[in-house]
Amino acid sequence: MTTPSNERGPGAAEVDLPTQYQPADVEGRLYERWVSAGYFSADPGRDPGRPAYSIVIPPPNVTGSLHMGHALDHSIQDTLIRRRRMQGYETAWVPGMDHAGIATQNVVERELAKEGLSRHDLGREAFVERVWKWKGESGGRILGQMKRLGDSVDWSREAFTMDDARARAVRTIFKRLFDDGLIHRAERIINWCPRCLTALSDIEVEHAERDGELVSIRYSDEVVVATTRAETMLGDTAVAVHPDDERYRHLVGTEIELPLTGRRIPVVADEHVDPGFGTGAVKVTPAHDPNDFEIGRRHDLPSISVMDERGVITAAGPFQGLDRFEARPAVVAALREEGRIVKEVRPYEHSVGHCQRCSTVVEPRVSLQWFVKVGPLAKAAGDAVRDGRVEIHPPEMAPRYFEWVDNMHDWCISRQLWWGHRIPVWYGPDGETACPGPDEEPPAGWTQDPDVLDTWFSSALWPFSTLGWPDDTPDLKRFYPTSALVTGYDILFFWVARMMMFGLYAMDGVEPFKQIVLHGMVRDQNGKKMSKSFGNVVDPLDWIERYGADATRFTLLRGANPGGDVPVAEEWAQGSRNFCNKLFNATRFALLNGAHTRGDLPGEITAVDAWILSRLQRVTGEVDALLEGFEFAKACETLYHFAWDEVCDWYVELAKVQLGDERAEATRRILGEVLDKLLRLLHPVIPFVTEELWTTLTGAETVVTAPWPAADEDLRDKESEELVESLQRLVTEVRRFRSDQGLKPGQKVAAALEWNGSPLAPHEEGVRALLRLTAPEDGFAATASLPVEGAVVRLDTAGAIDVAAERRRLDKDLAAARKEVEQMGKKLGNEAFMAKAPEAVVAKNRARLAQAEADIVRLEAQLAALPSA
RNA sequence: GGGCGUGUAGCUCAGGGGUAGAGCACUCGCCUUACAAGCGAGUGGCCGCUGGUUCGAAACCAGCCACGCCCACCA
């Protein structure tokens, strides 16, 4: 580690800080202190006059560890929570995890498979015990990651979707829905995964375009049907045509013989059939197709299942025992042999449903399952957003939400799995059904339904089950409805809409959250999705270890435009790390020079001081508004530029001069003030480094509960802002000259400054320091003369300057300025423009013209001042 | 088929009727005593294409081209 410089200004404090910020040295220590101090603990009874702000965390699945998407999600929530905490709200951020039924069961089954075991080898009880063990290990890992990220969650409220309290909530709402007739059991065609061996809800099926073959089969002389799933014809129980289709009208009501089976099936007329598609005749397999199932219902057709739960053909005959994908070509071959195949099979791209968890092709299957009747629940969920009681951010996401809640099908909630909440329904010896309440015993001798609930069922209760529901707890009173729900847009349907349904239902119409904040997915630097197969996955812990939690958070939030995906890259994390280091060093400099935050702001300050204070107020207001509107990327950008480009590059540099004279004391206070507020504004985003620096700077206990800065309009000072902008232009112009002339940045150059009454005159010392200009001494001979900002800078470059290079440069700038004058002149001379353009625009263009004209004067003067070659 | 959205610097993205922006990358020069994880100065864009509206269009409108995501009972 580099030793800090011993160079100190008068009044310097004893400071022992390394020259590079080392996150690993402070983050763990700070987090522990925060927790033990109880800063994150919510108390519903404390100061009831204060407003409350609550967020329940989207519970990570216990399937593994947190990825970048979680890190983004948590960073956003922590930023919201920390800002509110600083604003004085009673904040509750409730942590927890999700048992993730099918996903976790699959993970543990894979583990077992490595040992050559299946879950059936263990038996249900032992298997579930095994999953609990997995949950313990995986869950511990996740909690550890949350601490590393700096999540300011209230650990005393940690919940799990399958712990006792949440189990009771599940039992309670199930019972209520059951008694209200909103949960029922029915035999229907559902999505079935032949590998997971369970039913799936509609949204657990992912559709993807796949190449298939459309086979046309001649069922009779007059009837040709087309199918991509020839094997299902074994279960056909009708052929359907459109009722108005003249070609087939005479056949409706007749029977034809189904090839390969010898069965006779009827021709029925059904509106569903599109007479324009193919031949206009369609095979009907009620047991294996959702549409056909409905046609079958309408026409009272038998349903013949030809496959078992694993997708193996069970229909008696030559295909029995074949897998469905083997049976397909076999059936086509058999039909071809019989001369039933019309022409050739046609390549055909069509959408195929896959199991979300294992990618197996889903098989529609008729079975007895439990359903939630969503009609009234979905209506309420839609209305809450329509009414404006719940806001969706960004609003462009709302149509998606409506599209789904307004067209929702009944929700299949039973799963043929072992890991999950067991369905609280018991069956009697004679098939009676009972749903006892959570505190009631089922009748003796009855048996419980073997299935478990869809994992999203318990997730849907999360905003109130975590707060103690069904009991009327102080938490529930104080923190429900929650303030914001922060999650990726990918689970808008899975989770958000269902929380809305159950929240409104269970809490008598009170919405589960006021604002829905949707963020995008984390992607790589090419905008590609992170996936193991691409090898572009970044582990948040890796970044935290190498760059720090703050840098990781800053990288994510800096990319988080509303609703947009968030690309991240190694170099950007480095940039964020560099930014934290910049803050560290700026504060280190300030401390070495005695900056402090004691007492009122000095009454006598320079224009430079007034400028930075004015800018600070503006930035404070901007950042506050941006965070209020969930504009994390812009808030980060604003702070980044203020801190780096204004505070560090200009104020600190100019302050160096002030610290060396009678203005030192005032400057120390201003420096302290700027850093104090800046660090507070940054704290919600980068909590660790700001805590470390702020507590050192102020001597206060923590920034976690320090008041959130408010913009002070009295400190706004337009005049000083303009003055410093002028100073910046002057300095930049001379730097440009130095650079173009090949003068080394550190090289001292003697110069004479003629201010000609410029308001910048009092800042000569600062200008000289920034430009490394020394006072003219004996023998001073200006070799270059730069008229700029109303002043003239005469430089002794200790040798001839490259006149040709300078002339080229000035000519180029001059040409640009002249073009500008021409354009502006044309514009301002345009009658239509003058008549119609708004006052402000005209004024702006006049200012542009004036500036360009001034530039021409300046450049011509500079050219004239050039020594002749 | 329906819905939403995108096309701006080499890359990732802001912006949005009135001077084209940022980060990173790139070029040149610097260990200028807070910081080389740094400093200074630069290079780089017919803002997807074609029309229209307008005094003025990268922005608004129409059409086209190319992408992306979501939904859907596409035999």
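A, B, ... follow the sequence lines: proteins, then strands. Residue 1 opens every chain.
- Using cut-offs of 30° and 60° on the angle between ring planes, the pair A:Tyr21 and A:Phe584 is tilted.
- Salt bridge A:Glu571/A:Arg577: absent, no basic N to carboxylate O contact under 4.0 Å.
- In this structure, A:Tyr219 places its OH atom 14 Å from P of B:rA75, rounding to the nearest Å.
- At a cut-off of 3.5 angstrom, the base of B:rC74 holds at least one donor-acceptor pair with the side chain of A:Ser351.
- Residue A:Asp490 is out of contact with every strand shown, counting any heavy-atom pair closer than 4.0 Å.
- Checking the phosphate oxygens (OP1, OP2) of B:rC39, a side-chain nitrogen or oxygen of A:Trp644 falls inside 4.0 Å.
- Positionally, the nearest nucleotide of RNA chain B for A:Gln525 lies more toward the 5' end than for the other of A:Gln574 and A:Gln525.
- Taking atom P in both B:rG44 and B:rU50, the straight-line distance is 24 Å, to the nearest Å.
- Within 4.0 Å of A:Asn561, counting heavy atoms only, lie sugar-phosphate atoms of the nucleic acid but no base atom.
- Closest to the A:Thr227 side chain, of the nucleotides B:rU19, B:rC24, B:rA75, is B:rA75.
- When each of A:Lys812, A:Arg809, A:Arg735 is checked for a salt bridge (Lys or Arg N to Asp or Glu O under 4.0 Å) with A:Asp740, only A:Arg809 meets the rule.
- Using a 4.0 Å heavy-atom cutoff across all strands shown, A:Val284 reaches no nucleic acid atom at all.
- With salt bridges taken as basic N to acidic carboxylate O contacts below 4.0 Å, none links A:Arg400 and A:Glu403.
- Annotation: A:Glu209, atom CD; neighbour count of heavy atoms from other residues, nucleotides and ligands within 6.0 Å is above 12.
- Among the heavy atoms of the strands, none lies under 4.0 Å from A:Ala633.
- Residue A:Pro745 has its side chain nearest to B:rG29 when only B:rG29, B:rG23, B:rA34 are considered.
- Among the nucleotides B:rG38, B:rU19, B:rA41, the one closest to any side-chain atom of A:Lys582 is B:rG38.
- Comment: A:Arg210 does not engage A:Glu349 in a salt bridge, judged by the lack of any side-chain N to carboxylate O separation of less than 4.0 angstrom.
- At a threshold of 4.0 angstrom between heavy atoms, the contacts of A:Asn581 include nucleobase atoms, whether or not backbone atoms are also involved.
- OP1 or OP2 of B:rU43 sits under 4.0 Å from a side-chain N or O of A:Lys812.
- Going from atom CG of A:Asp649 over to atom P of B:rU32 covers 17 Å, rounded to whole Å.
- A:Cys580 comes within 4.0 angstrom of no nucleic acid atom, judged by non-hydrogen atoms across all strands.
- Across all strands shown, A:Pro290 has no heavy atoms under 4.0 Å from either base or sugar-phosphate atoms.
- Using a 4.0 Å heavy-atom distance criterion, A:Arg736 is classed as a sugar-phosphate-only contact.
- Between A:Leu518 atom CG and B:rC4 atom P there is a gap of 17 Å when expressed in whole angstrom units.
- Residue A:Lys634 places at least one side-chain N or O under 4.0 Å from the OP1 or OP2 atom of B:rG15.
- Nucleic acid contact for A:Lys744: sugar-phosphate only, since backbone atoms but no base atoms lie under 4.0 Å from a heavy atom of the residue.
- The same atom, C1', is picked in B:rC70 and in B:rG10; the two are 32 Å apart, to the nearest Å.
- Taking the centre and axis of the six-membered ring of A:Phe293, the NZ or CZ atom of A:Arg188 falls outside the cone set by 45° and 6.0 Å.
- Contacts of A:Arg523 with the nucleic acid, taken as non-hydrogen atoms under 4.0 Å apart, are absent.
- Comparing atom distances between the A:Lys844 side chain and each of B:rU19, B:rC4, B:rC13 picks out B:rU19 as nearest.
- Residue A:Glu209 is classed as a base contact, given a heavy-atom separation below 4.0 Å to a base.
- No hydrogens or angles were tested; on distance alone, a donor-acceptor pair under 3.5 Å links the side chain of A:Glu653 to the base of B:rA34.
- Closest contact between the side chain of A:Arg588 and the listed nucleotides B:rC70, B:rG5, B:rC35 involves B:rC35.
- Relative to the side chain of A:Asn585, the nucleotides B:rC70, B:rU32, B:rA34 differ in distance, and B:rA34 lies closest.
- A:Val568 comes within contact range of no nucleotide atom at all, as no heavy-atom separation falls under 4.0 Å.
- Side-chain atoms of A:Asn830 lie closest to B:rC55 of the nucleotides B:rU19, B:rC55, B:rG23.
- Contact check on A:Arg229 versus A:Glu363 returns a salt bridge, with a Lys/Arg side-chain nitrogen under 4.0 Å from an Asp/Glu carboxylate oxygen.
- The shortest distance between the side-chain N/O atoms of A:Asn845 and the OP1/OP2 oxygens of B:rU19 is not below 4.0 Å.
- Within 4.0 Å of A:Glu403, counting heavy atoms only, lies at least one base atom of the nucleic acid.
- Consecutive pairing runs in RNA chain B reach the stem threshold at B:1-7 with B:65-71, B:10-13 with B:21-24, B:26-30 with B:38-42, B:48-52 with B:60-64, where a stem means at least three Watson-Crick or G-U wobble pairs with distances under 3.5 Å.
- Taking the six-membered ring for Trp and thresholds of 30 and 60 degrees, A:Trp543 and A:Tyr547 have ring planes more than 60 degrees apart, a perpendicular arrangement.
- Nucleotides B:rA58 and B:rG48 place their P atoms 10 Å apart, quoted to the nearest Å.
- Checking B:rG2, B:rA22, B:rA34 against the side-chain heavy atoms of A:His641 singles out B:rA22 as nearest.
- Among B:rC70, B:rC24, B:rA34, the nucleotide with an atom closest to any side-chain atom of A:Trp572 is B:rC24.
- Nucleic acid contact for A:His272: base, since at least one base atom lies under 4.0 Å from a heavy atom of the residue.
- Among the nucleotides B:rA34, B:rU54, B:rG3, the one closest to the side chain of A:Lys836 is B:rU54.
- Between A:Phe579 and A:Tyr640, the ring-plane angle classifies as tilted under the 30° and 60° cut-offs.
- Put simply, A:Arg735 has no side-chain N or O that comes within less than 4.0 Å of OP1 or OP2 on B:rG29.
- In this model, a side-chain donor or acceptor of A:Gln20 finds a partner on the base of B:rA37 within 3.5 Å.
- At B:rA34, one or more side-chain N or O atoms of A:Lys656 fall inside 4.0 Å of OP1 or OP2 (strictly under the cut-off).
- Comparing B:rC60 with B:rG15, their C1' atoms sit 16 Å apart, to the nearest whole Å.
- With salt bridges taken as basic N to acidic carboxylate O contacts below 4.0 Å, one links A:Arg736 and A:Glu806.
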